[in-house]
Structures are given as structure tokens and as C-alpha cells.
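Reckoned from all heavy atoms, side chains included, excluding hydrogens, waters and symmetry mates. By convention in this document, chain letters (A, B, ...) are assigned in the order of the sequence lines, proteins followed by strands, and residues within each chain are numbered from 1.
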Amino acid sequence: MRRDEVVISGISPFNLKETLESGQAFRWDAEDDVFTGVVRGRVLRARQEGDSLVLARPASDEDIRLAVEYFSLDVDHASIERRLCDMDPVLECAVRSFTGLRLLRQEPWECLVSFILSARNAIPLIRRAVERIARAYGDPIEQEGGARQSGDEFGNTSYYSFPTPGKLASADVLDLVRCGAGFRSQYVKAAAERVASGDIDLEGLRNLAYEAAKDKLMSLRGVGEKVADCVLLFSLGSYQAFPIDVWMTRVMRYFYFGGSKVSTATIAHFARERFGDLAGYAQQYLFHYARRKLAVELRGLE
DNA sequence: GCCCAGGTGAAGT
DNA sequence: ACTTCACATGGG
């Protein structure tokens, strides 16, 4: 163990890889078992060793605090998984398959833009667009202490913060299109204007009831039920949110509706009744299970 | 070329 | 209320 690393232990159940590859966040890259990402303007580099999370090189106290918050390491995840397993056999199977899958606490503004970009889009393209937007409008991040990542002259290995609402509010829509945002470009700019002006206070949504916060988010163009639920679940701590996309529709049909066709409203109602205040956790395990284990079967179900 | 990808908004029944 | 369609972009 290197002296300059920081080990955060006693966090089981926790699975770094599955958590970061479960489609919640779009700014993480893996090299072997080391994951590097930008969170709230800081570069985090981490790997998992057994039941511990290891923060690579110069990890400040602030980095540690940030990692604990971001990965929800302060949450009693064991009891959440226990409750989920007791709900039904399907969930039990999904939880056992991916124990330690956490819900991240992302920065709401970046989360909102990321999921506006997710509409009718593919995950690799969403990742690319988010990255290009950060490079085009964000600020380069000075990495503390020694060996700054080399190669930035070629634009390969430098890191950028996600741009503020104010920065994107003054962006040229055509430049956003060049970042790969496509027809969602105008939605991103309009959302930036609403947030930058204070018309919508994203952090303030935490103080509202789930439905009220969701209504506020859905008043933004390009934000429907699904995107609003993603923002509430992945950045605002609304664990009753249950985002329903094509994958969730498939997996819910398959497991809970005998393969028959059902509307998203029916699925949403069922999820609220069955999973209650843990619906968001149920969604994340089922979504990840569907993509990792059932991709072939579910595609054929259309 | 054609189809689809973590949907949404607008227009049509 | 429910159904249909366009919407940029790129990978299979």
C-alpha cells in the first residue's frame, strides 16, 4: 500500500465498478481497475481493494469528504439491500447479482444536462457530448501536488470542470450542436438560462415534496417524466423516483407483467405500490440487471 | 441505406 | 387520454 494513498474501509457492501458502469454518471473512465472522473470540479481517482475504496495520489481531506458523499458511503446500504431482497424474488436475484451497487449523489446541474442529453441517445454518445461540453465551456482543473497529467498539449489527458449554468446560458446553440448535443442543444441552453437566472433553484428542490420538485423540473423543455426522475434520484436524494426508459419497460414487462404490453403509467403505479420509498434503488438494480444479464432475451421481446 | 439509442413535445385521433 | 411523428447524431 502506497503511503500517499488514502484508504476508506468499512464500506461493504460497495462495488465501485458496477456503480460507475450502471448508467448513472457519464464522466468516469477506467484504466484497468482504476477509475478517474471529475466531480464538482475536482479530479477523483479511485480503485477498489476488497471492501475498501482507495483514493489514488494526492487525496486531500476535501477529496475524502467528497468521495464519501458522492458514493453514498455514509448510507447503511446493507439494510437497504436486505429490505429489497425481502420485497420479492426478482429483486433478490438482482441485488445478489450486483451487491454494492450504490446510488450516487451527483451535482444536480450536471446531472440535469446529462439526462437532457440522454433523450433518444446512446450512452457512448451521451458521454462524448458531456465531455465535449466540459472541454468547450468548463475550466481546466489544476491537479495538486506533482505529476500533472502529461499530454495536455494534445488534449488527451487533461480534465475540465462541468460548466456552470451561466456559462452555458451564454453558449451559442450551434456550438452545442458541434459538441454532439443534437436537437437537445436548445433545451440545454434554455435550461441553463432558467437556472442561471434563479428562476429554478435546483438545490432548493430538495426542500420540496417529490411531486412538486418533479413538476418544477418538468417545466423545463426537454425534461419529461423520465429525465426528471433521473435528476431527482441521482442528484437530489428522492429515492422514491422510478425512471422508466426502454430498458425498464422491457424488464418490468418481463418479470412482473407476464410479457404483456403495459403503459409507463401502469408500471409507475405498480412500482410505487411494490417498492415504495425504495423504488429508486429497485430501479437501479433492475436496470443494471436488465442490461448486464438480460440484454439478449429482452430485445427479442419487443 | 436502415435501424436504433436511458424521450420529449406537438399534433392528430 | 392515447397514438403518432419528428427530432440530430453516430455506430452496428
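Counting only heavy atoms from C-beta on, A:Lys226 has its side chain closest to B:dG6 among C:dG10, B:dG6, C:dA8. Residue A:Val177 has its side chain nearest to C:dA8 when only B:dT8, B:dA5, C:dA8 are considered. Side-chain proximity of A:Arg221 to B:dG9, C:dC7, B:dG6: nearest is B:dG9. In this structure, the nucleotide among B:dA5, C:dT9, B:dG7 sitting nearest to the side chain of A:Phe183 is B:dG7.
B:dG6 and C:dC5: their P atoms are spaced 23 Å apart (whole Å). Distance check on atom P: B:dA11 versus C:dA8 gives 16 Å, rounded to whole Å.
Of the charged side-chain nitrogens involved, none lies within less than 4.0 Å of a carboxylate oxygen, so that A:Asp172 and A:Arg178 do not count as a salt-bridged pair. Taking 4.0 Å as the cut-off between side-chain N and carboxylate O, A:Glu62 and A:Arg65 count as a salt-bridged pair. Looking at A:Arg40 and A:Glu69, a side-chain N of the basic residue comes within less than 4.0 Å of a carboxylate O on the acidic one, giving a salt bridge.
Here the C1' atom of nucleotide C:dT9 and the CZ atom of A:Arg128 are 9 Å apart, to the nearest Å. A straight line from CG of A:Leu117 to C1' of C:dG10 spans 15 Å, rounded to a whole angstrom. Residue A:Gln186 contributes atom CD, which lies 12 Å from atom C1' of C:dA6 at whole-angstrom precision. Spacing between atom CD1 of A:Ile123 and atom P of B:dC4 amounts to 18 Å, rounded to whole angstrom units. Distance, A:Ile126 CD1 to B:dC4 P: 18 Å, rounded to whole Å. Between the P atom of B:dG6 and the CZ atom of A:Phe234 lies a distance of 13 Å, rounded to the nearest Å. For A:Arg120 and C:dA6, the CZ to C1' distance is 11 Å, given to the nearest whole Å. Rounded to a whole Å, the CG atom of A:Leu174 is 15 Å from the C1' atom of C:dT9.
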Margin query: Set out, in order, the CA-CA distance, both residues' side-chain angles and the distance that settles ring-ring contact (aromatic ring centres under 6.0 Å, His included) for A:Phe275 and A:Tyr239, then state yes or no.
Written below: CA-CA 10 Å; A:Phe275 307 130; A:Tyr239 298 118; over 10 Å; no
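At the heavy-atom level, A:Leu220 lies under 4.0 Å from the strands shown only through sugar-phosphate atoms. Nucleic acid contact for A:Ser114: none, since no nucleic acid atom lies under 4.0 Å from a heavy atom of the residue.
Taking a 6.0 Å sphere around NZ of A:Lys189, one finds it holds more than 12 heavy atoms contributed by other residues, nucleotides or ligands.
When the side-chain nitrogen and oxygen atoms of A:Arg291 are compared with OP1 and OP2 of B:dG6, one or more of them lie within a distance under 4.0 Å. For B:dG6, the OP1/OP2 oxygens have no side-chain nitrogen or oxygen of A:Arg250 closer than 4.0 Å.
Residues A:Gly23 and A:Met218 both approach DNA chain B. Their nearest nucleotides, taken by heavy-atom distance, put A:Gly23 toward the 5′ side.
Lacking a ring centre under 5.5 Å from that of the base six-membered ring together with a plane angle below 30°, A:Phe115 does not count as stacked on B:dG6.
Distance check, rounded to the nearest 0.5 Å: CG of A:Leu104 to CG of A:Leu233 gives 10.0 Å.
Counting distance only, with no hydrogens placed and no angle test, the side-chain atoms of A:Gln283 and the base atoms of B:dG6 include a donor-acceptor pair under 3.5 Å.
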